Structure formats: structure tokens, C-alpha cells
Amino acid sequence: MAKKNIGIGIIGFGTVGTGTFKALSENAETIKQRTGLDISVKKIADLDTTRNRGVALADGVLINDAKALLNDPDIDIVVELMGGIHPAKEFILEAIKNGKHVVTANKALLATEGNDIFSAAAKKGVEIGFEASVAGGIPIIKVLREGLVGNNILAVYGIINGTSNYILTKMTYEKVEFADALKEAQTLGYAEADPTFDVEGIDTAHKLTILSSLAYGIELSYENVYKEGITRLTAQDIELASELGYKVKLLAIAKAADGAIEMRVHPTMIPHEHLISKVDGAFNAVFVEGDAVGSTLYYGRGAGDMPTGSAVVADIVDISRNIAAGSVGRVPGIFAANAKAKLKSIEDIESMYYFRFSAFDEPGVLSRISGILGSRDISIASVIQKGRSKGGSVPLVVLTHRAKESDVLSAVKEIDALPIVADKTLFVRVEGSES
Ligand code: HSE
């Protein structure tokens, strides 16, 4: 007889754990109507069993011993929401060993250790749900695994870190510097006390690792994702970009081009009229281009208790339905069938570029710089020089046509060694059509 009662165990009762519990209990009737199943939380494990999370729990549900939860025969699905690599990985592997399905929001763990986890799950015949690991409440994993399964994916790109998008939005509209925008993000609870993962592009690269794996059937390969954060951008760069017709966003980009896959995270200038440049504040948005469907866009909240809880519950329901229907494993987790895929390094990509040179304001400076760019086949599309500073340095801004990154790197190296250059050159890759 089909199983109708599904037991859930949650490890980690923080923001997302509480959101998941709330979504499951507040929408229990709706979920039951839609699935015909009784999905109930049997145990929640957290080291802190006393804090008031504003939810009512039956006696004995909240425990401080994850091991007891992992060995509980009434639990079919273990939901890992504690974050971090250890002991989250060990708990997940233990759950798999005990024949339990797993749901996790842990993008850092999946991006760096996920191949082990998916292979252990496949051997044991249990499922791993990870909808909440990328873009919070946006069902982007389902889009790639199921909705667009009939497409070759040409590109996946978007804003998948709300904290850095909040900071860039503030820098854009209020013309404040990075440090001030970060401080405000921390005060509002958008950024952690240690914001490194968010502002250095690490969190975005973790999520892009997962999206690329689904889009291109490759193993999770975080070490091959190029990443660059937003910390070197100034309010002036953002204003100059705006004068040139662009917004600056921290973009995750995965593309299949020239028989190879490129995966990169970096600040990117996007034309004002592109929909992505209108995604502001802590919101996320992901574009997926498929060869059959064309361009599609997914927008929503990428973080927060209830949006992320919504994604966790979607996985719980999917797995519960599969258990009830006896069809566990119908949709594989990570399906790394494309073993021969070539990965492109950042030096091999092509893009348009924005350069901000800090050059002394002297005759002949522009011709020295443009000469070096020209010698690498880097063609200039427009130039702006702001202000005059006798004897001091001024920002000299150059926008280029499409060029090879390897040429850009070698040109910047030569330019930065010139005595007429006061500081390291900043460059930002530019997306959109050539002017
Ligand atoms: N730090 C992440 C963000 C949280 O800012 O988007 C959700 O993964």
C-alpha cells in the first residue's frame, strides 16, 4: 500500500528552518489537499533549544541531538538547514546511509562537496532536493531540471546574491561608497557580520556552480568558476557607467560558446534597457536561454525565511510524492553525463570592457594608453575624461568594442607599469550589443 504519512526531520532551526516549519504548518491544509499526503515534522535538531522562534512546537519535537534525528525510523526526509561544510556534510551522508532522502539549502556545501553527496545518494537510491540552494524562492532548479529539459541551454545568467545587489543599488541611487552601503546592508540584516562570501562573489559562484552543472550536465566544479567581487567599485564608476548608458550588477554567467562552457562571476555593466538592470534591492533574477524556448526570465526573492522556506517545502513535497508513488529517483539530482565538456578559462573569454585608468593629467597620456590598447587589437568605442587636476591623477574612462580577455590582461599590465599611471587600472566587463 502506498505510503501516505511522510515524516520530516529538520537540522538547523535558524531563519530558514523556522521559515520552513512555518510554511509547512501554516499551509498544511493546502499541501494536504494538493498531495493527499500527511507531511509532518517529527523532530527538529538545533543546539539552541530555548530561544523563542515565535512558532508552537509539540513537546519533544525540538532536540539538541542531530544523531537521534538521523536514526529516527519515523523520519523519511532529513532537511539540512544548518549551513557550513562540517558537520553538515557528515550529517547528510549519515542520513543517506540510513536510507533517508535529503533536502538542503546549503549551496556552499553542494558546490564544493556535492559530487560526493550526489554519488552517495544515487548508490543508496535516495533523493537530494536542493531548490533552496539557489535564488531562494525562485524555482530555478526545477526550471533547469524539468521545465526546460527539452532544450540545449545556450546561457544562464543573472543576479543571484541579494546582498551585493542591495549594496550596488544603494551605490547607484544614493551615490554612496561601497563601505557605507555595506554598513547599511549589515544594519538591515541583509549582510552578515563577515560579508566576504557575498561581496567577493563567493556565494554567487557557489550558486553558479550548481546552475552550470544542471544546465550543461557537468560535475559540480566550483574551482573552475572565475570570481571577482564588488569591493573595488567606486560610486564614481557607477555614475560613469550610468552616463554611458549602463547599470553595474554582480552577474553570474554560464554560457556554452565555441564548443566550451564558460562560468564566471564579476561586476558587469548592463544596458539600462535590459530587464536585468531593473532588478534592484535584494531581489534576484535569472535569465535562461534555451535553443527551443528562447529567452526566459525568473524573478523573485533570493533570501529570507519564508521565500527560502517555500523552496524547501517544494522539495519536501516533490520527494513525498515520489515516495508515495514509488517513483523515487525519477528526476536525477545532478546528472553529470557530459564528461567530455570543455571548460573555458577567463583568459579565453571575449567581452566589451570599461576601463578606469588613473592617469596623470599630462599631454600625450591618452595616446600612450590607446597605443597599448591598439597594439593588442583592443578597439576603443568611447572615452571620457573627468575634471582637470594639475600634477594629480584623473580618471580616464575608456569603453571598448569586443576584445579578448587575455589581450586586456596584458594591456593592463603594461599600462599599470607606465610612470604616467598613478594607480591600478580598474576594468569591468560590459554585456549587451556593440555600439
Ligand atoms: N547571502 C545570500 C544573498 C543569501 O545575499 O543572496 C541567500 O543565499
Side-chain angles (χ1 to χ4, degrees), residues 12 14-20 23 79-85 88 103-112 114 129-142 156-171 178 181-214 220 222 225 227-231 233 248-253 265-268 276 279-287 298-315:
T15 307
V16 179
T18 308
T20 298
V79 182
E80 182 275 308
L81 299 173
M82 62 185 299
I85 307 296
V103 173
T104 178
N106 196 332
K107 60 253 163 155
L109 175 63
L110 290 182
T112 56
F130 51 105
E131 186 62 71
S133 65
V134 182
I138 305 174
I140 192 66
I141 304 295
K142 203 165 192 79
V156 184
Y157 58 98
I159 296 170
I160 48 178
N161 181 268
T163 307
S164 52
N165 201 42
Y166 176 84
I167 292 172
L168 289 175
T169 301
K170 215 164 164 60
M171 289 173 76
F178 170 79
L182 170 62
K183 221 174 279 158
E184 167 120 14
Q186 283 169 323
T187 310
L188 291 174
Y190 287 133
E192 306 281 334
D194 177 359
T196 315
F197 271 36
D198 291 322
V199 300
E200 296 294 358
I202 298 167
D203 177 73
T204 307
H206 286 148
K207 294 167 178 165
L208 184 64
T209 303
I210 296 168
L211 294 182
S212 309
S213 177
L214 292 173
L220 294 153
Y222 171 71
V225 178
K227 59 184 176 303
E228 196 183 298
I230 59 171
T231 55
L233 294 169
V248 182
K249 296 290 184 189
L250 181 67
L251 231 60
I253 302 172
V265 171
H266 49 71
T268 311
I276 281 256
V279 176
D280 283 330
F283 276 85
N284 283 199
V286 186
F287 265 88
Y298 311 88
Y299 171 86
R301 290 187 190 278
D305 56 350
M306 298 311 283
T308 313
S310 159
V312 173
V313 172
D315 277 341

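Whatever order the structure lists ligands and atoms in, that order sets their numbers, starting from 1. Residue numbers start at 1 and run along the sequence shown. For clarity, every value in this text was computed on a predicted model and none was experimentally measured.
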Can you find a heavy atom in the side chain of Leu233 that is under 4.5 Å from one in the side chain of Leu168?
-> yes

Any side-chain heavy-atom pair of Phe178 and Thr231 under 4.5 Å | yes

Test item: Ile159 and Leu250 side chains (from C-beta on) under 4.5 Å apart, heavy atoms = no

Answer with side chain, backbone, both or neither: which part of Asp198 has a heavy atom less than 4.0 angstrom from an atom of ligand 1?
-> side chain

With heavy atoms of Gly162 as the reference, note each atom of ligand 1 found under 4.0 Å away.
-> 3 (C), 5 (O), 6 (O)

Interatomic distance, Ile202 atom CD1 to Phe197 atom CZ [nearest 0.5 angstrom] = 5.0 Å

Heavy-atom gap Gly136 to ligand 1 smaller than 4.0 Å | no

Can you tell me how far the NZ atom of Lys227 sits from the OH atom of Tyr222, to the nearest 0.5 Å?
-> 3.5 Å

Taking only heavy atoms of Asp203, which atoms of ligand 1 are found under 4.0 Å from at least one of them?
-> 2 (C)

Under 3.5 Å between some N or O of ligand 1 and some N or O of Asn284?
-> no

What about Lys207: any of its N or O atoms under 3.5 Å from an N or O on ligand 1?
-> yes

Min N/O separation Ala303 to ligand 1 under 3.5 Å | no

